[in-house]
Amino acid sequence: MTQESLLSDDLLRQLVAVGQVDILVGLPTLNHASTVPDIVRAVHASFSTYFPRQRTLLLNSDGGSDDNTPALVRDCCLDEVGTVTVSHSLRTSHRISTPYHGMPGKANALRRIFAVSDLLSAGVVVVLDPEVVSLTPAWVAALAWPIRDQQCDFVAPVYPRYHAEGLLVTQLLRPLIRAGYGRRVREPLAGEFGCSSKFAAYCVEQPVWDSDLMQNSVDLWLTGTALAGPFRMCQAWLGPRVLATGLHRPGLAEVFKQIVGSAFQTLDTHADYWLPRTGSEDVPLLGTTLGVPEDTPPQDGAPLAKSFSRDVRDLNEVLRAILTPETLAAVAASAENADGPRYPDELWAATVYEFLVAYHHSVMRRDHITQALLPLYLARSGTFLIEHAASVPDAVNEALESLCVQFERSKGGAVERWNQTT
Amino acid sequence: MAQKILEAIEQAGTNFVDSVARFLPRALVTISIVVVGWFIAMMLRWLIRWVLGRLGFNRFCERFDLAAQLKMVGLPSAEALAGVVVFWIVWVGFLLSFVNVLGFTMLQGLVDGFVLFVPRFVVAIAILVAGFVFGNVAWRATLLVAVNARVPSPRVLSGAVRALVLILAAAMALDQIAVARTIVFTAFAIAFGAVMLGLAIAFGVGGGPLARRILDHWFPERDAPDKDEIRHL
């Protein structure tokens with residue numbers, strides 16, 4: 001599909017009126033009326049504070065909201081911000097809200113945002129998550145500056161987190177993506193990101209937009225593409241990521257299936273790039289943290305790990321088709337451990353890699369493979385929380401680093417099995 | 001008198017020679033058909049195995065647990081089994097065709113019956129295989145969803161789903177080949193109705209709180225705060 005056919009006539013007319021822009025902020029939405037006004041204000045505050053001399057555009061790509069989200073974006077009054085504006089943009093800040101047709105989802109929205117950025121030759125593209133309520137004007141600047149001043153092509157976010165937060169990222173995605181691609185990306189699931197027009201143009205040309213991969217979770221594919229492609233990548237500190245409450249979100253089982261499926265499929269897509277790589281190298285981290293996370297009570301891992309042994313027994317037949325007999329025996333032994341369930345780093349790394357290889361070889365329906373990993377992930381997360389209940393943050397960070405290193409060490413065996421029956 | 005006897009013997013001999021002369025070519029043709037049929041059946045068996053092998057049929061069957069189930073009941077691999085089925089259908093078809101050649105009109109009904117039976121048999125096999133595949137997928141899907149949703153006794157639940165699908169497929173297959181159609185239909189209706197009624201009564205009497213929990217889980221209040229304190233993302 002060409003860019004012209006992706007963009008409606010009405011949108012094209014509006015874009016012609018806007019002309020070329022320097023910074024484009026994309027906001028994909030679907031029923032986000034409760035959160036978008038604050039985000040629109042933050043974006044415009046960012047434009048006037050940090051980019052007063054730049055030509056800017058806020059583009060809202062809406063998936064068919066029935067709660068008036070597009071109108072709120074269009075008509076949001078910037079004076080309601082309640083703060084004294086200390087600077088004003090010297091150029092007009094444009095704002096467009098446009099619906100897109102087809103399956104509602106972030107991928108379709110992003111595809112149009114990228115197409116618009118290509119059409120308007122936007123030097124910098126920043127994409128924001130409409131569900132984040134902790135977003136400040138500085139976030140936009142933090143994601144845009146590395147593109148404009150450091151010639152980066154993709155800026156991944158880094159959020160300050162407590163150790164019990166973001167377990168799916170810290171226990172699975174971060175070590176897997178780091179060991180796979182050989183780059184130390186802290187937040188592979190980039191909810192917000194910045195990118196260059198080169199990266200946006202490259203992405204929009206890829207023949208993947210209508211695939212299941214994109215419908216599940218486009219964020220990991222973007223990170224994987226930035227890592228595997230000819231792009232300069234960096235990371236930027238943002239503030240704590242707080243999501244709006246009260247929004248209807250899918251449960252953990254559905255989210256896990258989508259995100260882990262997307263991670264496995266992205267690795268499958270970029271296999272030629274990552275299979276021969278060993279070790280890992282740093283990705284530059286720019287800026288300073290824009291806040292600290294709110295104090296959270298200690299998290300109890302016991303509820304997550306309590307059904308470990310029962311789950312392993314229940315899923316034995318399914319796990320037998322995915323895991324090697326040695327790994328399955330070790331998982332069963334860990335689940336039945338007399339001193340309480342344990343899931344050591346080495347075993348967890350082997351488990352994840354064997355699931356990845358099973359996914360690659362499609363030993364069963366692929367969504368069943370990712371669903372079967374969820375109880376093991378919960379057990380691993382639970383045992384990690386129990387183990388580090390009394391640990392200081394530095395010790396937890398060391399443990400997380402050690403897990404990443406273990407994933408790098410275990411990669412060789414996975415590559416062997418990957419190639420064995422190809 | 002002796003002349004008449006000689007003439008009768010001569011006539012009988014002539015008739016025998018004529019019969020043999022008439023029968024021998026048919027017998028040779030029959031033997032040829034049987035031999036050629038055997039070769040063709042063997043070739044088709046090999047061809048089917050080769051084509052299915054190229055298509056990765058065994059891997060497909062492994063994906064749906066069919067391979068493991070075949071192994072469990074002592075049957076060969078799915079490719080080999082498909083080859084054997086094709087071999088016997090073709091081979092028996094050739095064997096029965098000799099009835100036509102030899103002119104055994106009494107056996108013609110058997111041949112016609114076989115010709116009508118083969119397509120139904122193939123469809124029945126296809127129904128069984130489809131039932132098996134669907135049953136295993138449904139079993140695994142139910143098991144995974146039940147485990148992840150913390151539903152009690154996930155193995156019992158998923159096993160029941162698989163059993164129901166397999167019983168349904170078996171009943172449909174038997175109906176297709178018209179084996180004891182009335183008995184199969186009646187037995188299936190009674191058994192299925194009894195199981196469903198039993199489940200409904202059991203669930204209604206003993207599972208009220210469970211039903212409430214399941215419904216609460218399936219249809220949560222839209223604005224209810226997330227009860228899971230752990231933030232996974």
Side-chain angles (χ1 to χ4, degrees), chain A residues 161-162 164-173 189 191 241-243 245-249 251-257 259 296-297 299-301 303-304 307 310-318 320-321 361-375 377-378 381-382 385 421, chain B residues 53 55-72 132-162 213-214 216-233:
Chain A
R161 290 182 186 273
Y162 279 108
E165 196 190 324
L167 287 165
L168 182 54
V169 175
T170 57
Q171 298 298 315
L172 208 165
L173 297 176
L189 199 63
R241 192 169 195 263
V242 182
L243 295 176
T245 54
L247 292 176
H248 183 63
R249 296 193 184 90
L252 175 64
E254 186 58 30
V255 169
F256 186 88
K257 189 173 78 172
I259 289 178
T296 52
Q299 304 288 346
D300 182 13
L304 296 183
S307 58
R310 198 182 59 215
D311 289 346
V312 170
R313 277 198 305 273
D314 285 338
L315 292 177
N316 189 274
E317 272 187 79
V318 178
R320 225 168 31 202
H361 292 308
S362 296
V363 299
M364 63 180 71
R365 276 179 63 98
R366 286 180 153 190
D367 55 335
H368 288 178
I369 295 174
T370 48
Q371 280 175 293
L373 183 57
L374 176 57
Y377 155 75
L378 290 175
S381 300
L385 289 177
T421 47
Chain B
L55 292 174
F57 189 61
N58 268 353
R59 228 176 106 188
F60 171 82
C61 293
E62 276 166 17
R63 225 180 131 179
F64 294 102
D65 288 342
L66 196 60
Q69 302 291 336
L70 290 174
K71 199 173 170 184
M72 209 162 67
F132 217 87
V133 168
F134 182 70
N136 279 322
V137 171
W139 161 76
R140 204 191 300 120
T142 311
L143 180 66
L144 289 166
V145 168
V147 166
N148 288 337
R150 300 277 169 256
V151 173
S153 307
R155 275 186 289 181
V156 174
L157 188 66
S158 56
V161 168
R162 175 156 64 181
R213 279 212 309 276
I214 291 172
D216 281 345
H217 179 79
W218 281 353
F219 305 106
E221 283 187 32
R222 193 177 169 83
D223 293 327
D226 191 2
K227 287 175 190 165
D228 189 1
E229 287 179 353
I230 308 279
R231 285 176 59 186
H232 294 274
L233 289 173

### Task
Report the distance from atom CZ of A:Arg365 to atom CG of B:Leu144, rounding to the nearest 0.5 Å.
10.5 Å
### Query
Highest number of heavy-atom pairs under 4.5 Å with chain B: which of A:Ile259, A:Asp314, A:Leu168, A:Leu167?
A:Asp314
### Task
Name the member of A:Ala253, A:Gly251, A:Ser362 that forms the most heavy-atom pairs with chain B at distances under 4.5 Å.
A:Ser362
### Top contributor to chain B contacts, counting heavy-atom pairs under 4.5 Å, from A:Thr245, A:Asp311, A:Leu189, A:Val169
A:Asp311
### Shortest non-hydrogen separation from B:Leu143 to A:Val318 and the atoms involved
CD2-CG2, 3.8 Å
### Query
What part of A:Arg313 lies closer than 4.5 angstrom to a heavy atom of chain B: side chain, backbone, both or neither?
both
### Task
Please state whether the side chain, the backbone, both or neither of A:Phe256 comes within less than 4.5 Å of a heavy atom of chain B.
neither
### Message
Rounded at 0.5 Å granularity, tell me how far CZ in A:Arg310 sits from CZ in B:Arg150.
### Response
6.5 Å
### Task
Name the option with the most non-hydrogen atom pairs under 4.5 Å to chain B; the candidates are A:Leu374, A:Val255, A:Leu378.
A:Leu374
#### Entry: Check: A:Glu317 and B:Arg155 side chains under 4.5 Å, non-hydrogen atoms
no
### Query
With no hydrogens and no angle check, is any side-chain donor or acceptor of B:Asn148 less than 3.5 Å from a backbone partner on A:Gln371?
yes
